[in-house]
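Chain naming here is simple, since letters A, B, ... match the order of the sequence lines and numbering starts at 1 in each.
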Protein chains: 2
Amino acid sequence: MILNYHSIMKNNSKISKQQYAYKVIKSRILDGRYPPGYKIVIDQLARELRTSAIPVREAIRNLEADGLIHFKPYSGAIVTPFNEKEYLETLSVLAVLEGFATAISAQHFPADRINELTEINERMKEALNDFDFLMFGNCNREFHSLTYQYCNNHFLTENIKSTWNRLDRVRKMGAATKPARAKKSIEEHEVIIDMLRGARSFEEIEAYVRTHKLNTVQAFLEEKNDRELRNYT
Amino acid sequence: MILNYHSIMKNNSKISKQQYAYKVIKSRILDGRYPPGYKIVIDQLARELRTSAIPVREAIRNLEADGLIHFKPYSGAIVTPFNEKEYLETLSVLAVLEGFATAISAQHFPADRINELTEINERMKEALNDFDFLMFGNCNREFHSLTYQYCNNHFLTENIKSTWNRLDRVRKMGAATKPARAKKSIEEHEVIIDMLRGARSFEEIEAYVRTHKLNTVQAFLEEKNDRELRNYT
DNA sequence: TTATTTCAAATCATATACGATTTATAAAAA
DNA sequence: TTTTTATAAATCGTATATGATTTGAAATAA
């Protein structure tokens, strides 16, 4: 591309102010600086970001669509309270969607990408050894993204992606991965890899992947149960 | 509630201008006045609605989250083109979600609401007799809403609802219901009612409801196939 | 005291005004 | 002719200013 006056001017790698505001607010929610229940005051934040209120408003609208913020007219935007029930509900939906998506994807999965899955799973083992749960979570997401990548249903993958984004908040807060579960999870991934290689039936794959993901919910509930029992003895 | 000065003043049943703009735009998309590909010009619409541009902008953001509009910076908002592939993709996802939701719901479904389902199904028969496909579609949605109402997973029902909303556009355009399919659909609803009454197994219910909904996709594809064959002969 | 009303401060919602970007068109150069 | 550059019109993006609504605290009445 030839650079004329206009194309030079625009290359200051600008993003719009509302995108900027969006990123700032989102990162602050994710890293806990804006904890659940925190009230975001538009004017105040606009001053801090050296913008007017409008870009901040629009950013907040987008975050509302992501489910990170709850907005009430004339009252303000508060960070959606962390809700254990909703967290488990979301995980269940994800299990159903990914189970279905992976089963479709398996029918078109190219043989030469199978070893990528093995590699990712190896990285998960390393992460677990290093107790690097953030890395573990990232690889886990990467693993599943690849398994359902060939499901050939764009709307489905978008739905899954936005569901993951909702969970991100909890994931980064660290409440997600339990060491005991992590080990089993890696083993189950190996089974999934074998199923993809072996071209197993649609129903079999869907059921296994769904169960694999629901096991995380189960683990969470059991761990919580133990914790509560301990508190009473 | 006691009425003081403020509460009197606010009772002019006002909705915010952006909500107003949202409703106007949405209805125009649904009734076809803004066809797929139509470019919505903010300033122009703002003048027509006697507001400033900002409420219109925000309404457009919301519609983008609904998937009705596609927005490109500095370029404008265009009504998302009707895309047959995406329509079928969305229906498939809905089949999976509703199958799962209904199976859970069945476990807690109260016996005294079963006959409501029968009533709705009767209304569908009438609608079909009158060739009132809009009514038919509405009842169909009502029927399924009730079947999965007791699934006890708020995130799941929200996801289903927003998926329905995406389909609304096509539904109201009338491309959805084929008479031949409609009749079978009613019969399948009767089977579903029996299953809810008979407390059948989770797997059985999930599979049946999913298939029921996927049959609509199938019918669409077959009808399309026929149509195309006719064009070549 | 307790409930109600009034009032002011904080904050959101919108209008107006202006600058920024894209897009299409016309002019100029190769 | 074809490609590139300049220009103008349309439209979007944001700042500033002002009106509208809520909220909470103080004042008043029961």
Side-chain angles (χ1 to χ4, degrees), chain A residues 1-25 28 34 37-65 68-80, chain B residues 1-25 28-29 34 37-65 68-81:
Chain A
M1 190 218 271
I2 282 79
L3 295 183
N4 58 20
Y5 176 76
H6 288 296
S7 57
I8 289 170
M9 286 312 289
K10 84 176 171 190
N11 261 27
N12 293 334
S13 71
K14 274 189 273 186
I15 59 174
S16 75
K17 302 210 174 182
Q18 60 182 265
Q19 285 175 293
Y20 172 61
Y22 176 87
K23 285 190 178 183
V24 169
I25 301 173
R28 288 185 183 180
Y34 290 168
Y38 181 87
K39 182 181 178 188
I40 297 172
V41 175
I42 294 180
D43 274 7
Q44 188 179 302
L45 188 57
R47 264 197 305 280
E48 186 193 331
L49 300 182
R50 314 289 183 98
T51 78
S52 80
I54 291 169
V56 179
R57 279 177 65 81
E58 303 226 316
I60 283 176
R61 282 238 166 271
N62 280 47
L63 288 161
E64 198 192 7
L68 288 177
I69 278 178
H70 217 73
F71 195 73
K72 201 176 140 197
Y74 287 111
S75 177
I78 69 162
V79 176
T80 309
Chain B
M1 188 218 271
I2 284 81
L3 295 182
N4 57 20
Y5 177 77
H6 289 295
S7 57
I8 290 171
M9 287 312 289
K10 82 175 175 193
N11 262 24
N12 291 336
S13 70
K14 275 189 272 186
I15 59 174
S16 73
K17 302 209 174 181
Q18 61 181 265
Q19 285 176 293
Y20 173 61
Y22 176 87
K23 285 191 178 184
V24 170
I25 301 173
R28 288 183 183 181
I29 293 174
Y34 290 167
Y38 180 87
K39 183 180 175 188
I40 297 172
V41 176
I42 294 179
D43 273 9
Q44 189 179 302
L45 187 58
R47 264 198 305 281
E48 186 193 330
L49 301 182
R50 314 289 182 97
T51 78
S52 80
I54 292 169
V56 179
R57 280 177 63 81
E58 304 225 314
I60 283 176
R61 282 237 166 272
N62 280 42
L63 289 161
E64 198 191 8
L68 288 177
I69 278 177
H70 218 72
F71 195 73
K72 200 176 139 198
Y74 287 111
S75 176
I78 69 162
V79 177
T80 310

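With sequence neighbours excluded, the residues forming a salt bridge (charged side-chain N to carboxylate O under 4.0 Å, His left out) with B/Glu58 are A/Arg57, A/Arg61, listed by chain and number. A search for ring pair (Phe, Tyr, Trp, His ring centres under 6.0 Å) contacts involving B/Tyr34 returns B/Tyr38, not counting sequence neighbours. With sequence neighbours left out, the side chain to side chain contact (heavy atoms under 4.5 Å, CB included) criterion links B/Tyr20 to B/Ile15, B/Val24, B/Leu49. The salt bridge (charged side-chain N to carboxylate O under 4.0 Å, His left out) search around A/Arg28 returns A/Glu48, not counting sequence neighbours. Taking B/Ser75 as the reference, B/Lys72 meet the side chain to side chain contact (heavy atoms under 4.5 Å, CB included) condition, with sequence neighbours excluded.
The CD1 atom of B/Ile78 sits 15 Å away from the C1' atom of C/dT23 (whole-angstrom rounding).
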If a protein heavy atom is under 4.0 Å from the base, mark B; if only from the sugar-phosphate, S; if neither, -; do that for nucleotides 10-17 of chain C going 5' to 3'. -SBSBBB-

